[in-house]
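Data block below; observations after.
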Amino acid sequence: MKNSFKYLLLLLLMTFGLSAQNAMASDEGEESKEINIPEIVLEHLADSYEWHIASYEGKHLSIPLPCIVRSSATGEWNFFLSSTMEEAIHEGGEGATYKGFFFDADHHGKIYERLADGSSVRPIDLSITKSVMQIWIVVFVLLAIFLSCARWYKKRDEQSDAPSGFVGVIEMLTMAIYDGVIRACVGEKHYKKFAPYLLTVFFFILTTNILGLLPIFPGGANVTGNINVTFFLAFCTMLLVNIFGNKEYWKEIFWPEVPLFLKAYPAPLIPVIEVVGIFTKPFALMVRLFANMMAGHAIILSFTCVIFLGWTLGTGMGLGLNAFSGLMLLFMNLVEVLVAFVQAYVFTLLSAVFIGLAHPEHHAE
Amino acid sequence: MENLPSVLTPDLGLLFWMFLAFLVVFLILAKWGFPAIVNMVEERKAFIDESLKNARAANEKLAGIQAESEQILRDASQQQAQILKEAMETRDNIVGEAQHKAEIEAAKVLEDAKAKIEVEKQAALAEIRQQVATLSVQIAEKVLLQQLSSDAAQQQLIDRLLDEAEK
């Protein structure tokens, strides 16, 4: 316990140390001495076609990732490494393209295609970006954890000792969610059907959040702080709620037990509100997770940037702000570990509650 | 839309890969990951419940056995007391009988002895009588030999002598 705490501390120290390096690197790489904190932070939050690790004096150390784009002009699929494209454009100079593709600075550096008439369009872009890579790493981690645990169970039966150590932790977490959240919120009758989805959501978000706190390669991408990811998760929950909702659920939406003038004439007020509610519930899920994770990343990055801002103002200011930021970073990282769990928990809990609400029992009058 | 930060921009590629990755992890974990853990925990729970029930039953059985053994002990001590009592009675009987027998024997012996004594006595009396007769004859002889002066005196003497001899 004490040991693991020490490692955590070391990890956190590394976190802001390395993030600091990153921030400095981008600062040197782009403009002269001006530190544009919002830009640095947004750049680190954004998705990209390469996995940037460090830069020093203009040299970048990054992992190139494969780009998969379908040309709108020819309809062909193109596969290439992001580094290949970057080099080609770098050599070609201003306005150069690689097979007609270029990174559009006006659109967050996304790949755009220049058509023959000079206009630029967004091609179908299925590139393995940093976020996608991070998602697959999470998938790999999850599979490794759970399949190894499953193998542990396969070798034992119900009469053997309960697991200890890592398998014990995973069992404890799984059963805490399974019994405490899924069974409690979905209801005794249907919970088994929804358990795999909700457990997957919980562990997916938890792992993504925690890996997102790592400063370097196997983690650090801002995945749950990207609206596309949270949109997908919330959309899944919305589908599950509405596809498996029973008759009673739909009746409560379109013909609730309220006075007639509220649901039919002059206006079906309550049904309209309920129908809007179908969409606002998952929307809240989506925004909550996105905003919490993005904000956490942004705050950590900002505090890192404050260190460099301080050093541009002089040594005294630099030292003072360094100490301050160090403390705040430590604090924020610890808070983020908590938030990583809480957000995964809340998303699962609310999904379970919404699914449970879609299976109301007949009101006993 | 143009001014949105990158993290808020819809991205088809990311959505597609997210869908695929989530589908993969969901399908694999739903098939092989979570059921292994959940089923094992539930089986273990059932096993523990079963074991508790068995333990309770065993405890009850044990309590029954204890009561039974106590009953057996009580019975045994009762039986022991019974046996002891009977043995005592038997002993008393035997002793009493033996005493009775002994008394009878003793009485018989006494009777025999008495009879014998009687016989002896009779014999002795007879002998004494004979001796007395002999003595009286001798006395008479002596008297006859010495002074047979008067018959009355003689007779008186004989009687007195006889009486004395008889006493």
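Since the structure is predicted, the reported quantities are computational estimates derived from the model, not experimental observations. Every chain is numbered from 1, with letters handed out A, B, ... down the list of sequences.
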Which portion of N222(A) sits near chain B, non-hydrogen atoms under 4.5 angstrom = side chain
request  = Just give me the residue among I170(A), V229(A), V69(A), L45(A) that pairs up with chain B most often, heavy atom to heavy atom, under 4.5 Å.
outcome  = V229(A)
query = Any idea which heavy atoms bring R122(A) and D11(B) closest together, and the distance?
reply = NH2-OD1, 3.9 Å
inquiry  = Atom CD of residue position Q71(B) - does it have more than 12 heavy atoms of other residues, nucleotides or ligands inside 6.0 Å?
reply    = yes
message = Quick one, M294(A) and L8(B) - any side-chain contact, counting heavy atoms below 4.5 Å?
response = no
remark   = Assert top hit (heavy-atom pairs under 4.5 Å, partner chain A, pool N39(B), L20(B), I48(B), V41(B)) equals V41(B)
inquiry  = What residues of residues 123-142 of chain A make heavy-atom contacts with chain B at a cutoff under 4.5 angstrom?
reply    = I124(A), D125(A), L126(A), S127(A), I128(A), S131(A), V132(A), I135(A), W136(A), V139(A), L142(A)
inquiry  = Please classify the contact of V24(B) with chain A as side chain, backbone, both or neither, using a heavy-atom distance under 4.5 Å.
reply    = side chain
request  = Check whether F19(B) gets within reach of chain A through its side chain, its backbone, both or neither, counting any heavy atom under 4.5 Å.
outcome  = both
ask   = What part of K110(A) is in contact with chain B, defined as an atom under 4.5 angstrom from a non-hydrogen atom: side chain, backbone, both or neither?
value = side chain
inquiry  = Less than 4.5 Å apart, side chain to side chain, heavy atoms only: is that true for E42(B) and Y178(A)?
reply    = yes
ask   = Taking only residues at least two apart or on different chains, which pairs with a member in residues 68-80 of chain B satisfy salt bridge (charged side-chain N to carboxylate O under 4.0 Å, His left out)?
value = none
key: Heavy-atom pairs under 4.5 Å with chain B, option from L143(A), L42(A), I68(A) with the top count   = L143(A)
ask   = At what distance, to the nearest 0.5 angstrom, does CG of L29(B) lie from CG of L147(A)?
value = 6.5 Å
message = Let's test your reading of the structure: which of F146(A), F231(A), F235(A), F232(A) forms the most heavy-atom pairs below 4.5 Å with chain B?
response = F232(A)
query = What do you reckon, is CD of Q122(B) surrounded by more than 12 foreign heavy atoms closer than 6.0 Å?
reply = yes
key: Charged N-O contact under 4.0 Å between R44(B) and E171(A)   = yes
Give the table of side-chain donor-acceptor pairs shorter than 3.5 Å for residues 189-207 of chain A, with sequence neighbours excluded, one pair per line with atom names and distance.
residue: Y191(A); atom: OH; partner: R183(A); partner atom: NE; Å: 3.1
residue: Y191(A); atom: OH; partner: R183(A); partner atom: NH2; Å: 2.6
residue: Y197(A); atom: OH; partner: L233(A); partner atom: O; Å: 3.3
residue: Y197(A); atom: OH; partner: T237(A); partner atom: N; Å: 3.2
residue: Y197(A); atom: OH; partner: T237(A); partner atom: OG1; Å: 2.9
residue: T200(A); atom: OG1; partner: P196(A); partner atom: O; Å: 2.5
residue: T207(A); atom: OG1; partner: F203(A); partner atom: O; Å: 2.5

task = Rounded to the nearest 0.5 Å, what's the gap from CD on Q159(A) to CD on E43(B)? Could you check?
result = 10.5 Å
ask   = Looking at C149(A) and I37(B), what are the two nearest heavy atoms and their distance?
value = CB-CD1, 4.4 Å
message = Taking side chain as everything from C-beta outward and backbone as N, CA, C, O, which of these in K45(B) sits under 4.5 Å from a heavy atom of chain A? Side chain, backbone, both or neither.
response = side chain
message = With chain B as the partner, which of T174(A), D179(A), V223(A) has the greatest number of non-hydrogen pairs under 4.5 Å?
response = T174(A)
ask   = When you look at CZ of R151(A), are more than 12 heavy atoms from neighbouring residues, nucleotides or ligands closer to it than 6.0 Å?
value = no
message = To the nearest 0.5 Å, what is the distance between CG on L14(B) and CG on N228(A)?
response = 5.0 Å
remark   = The salt bridge (charged side-chain N to carboxylate O under 4.0 Å, His left out) partners of E97(B) (sequence neighbours excluded) come to none
request  = Please name the pair of heavy atoms, one in A150(A) and one in W32(B), separated by the smallest distance, quoted to 0.1 Å.
outcome  = CB-O, 3.3 Å
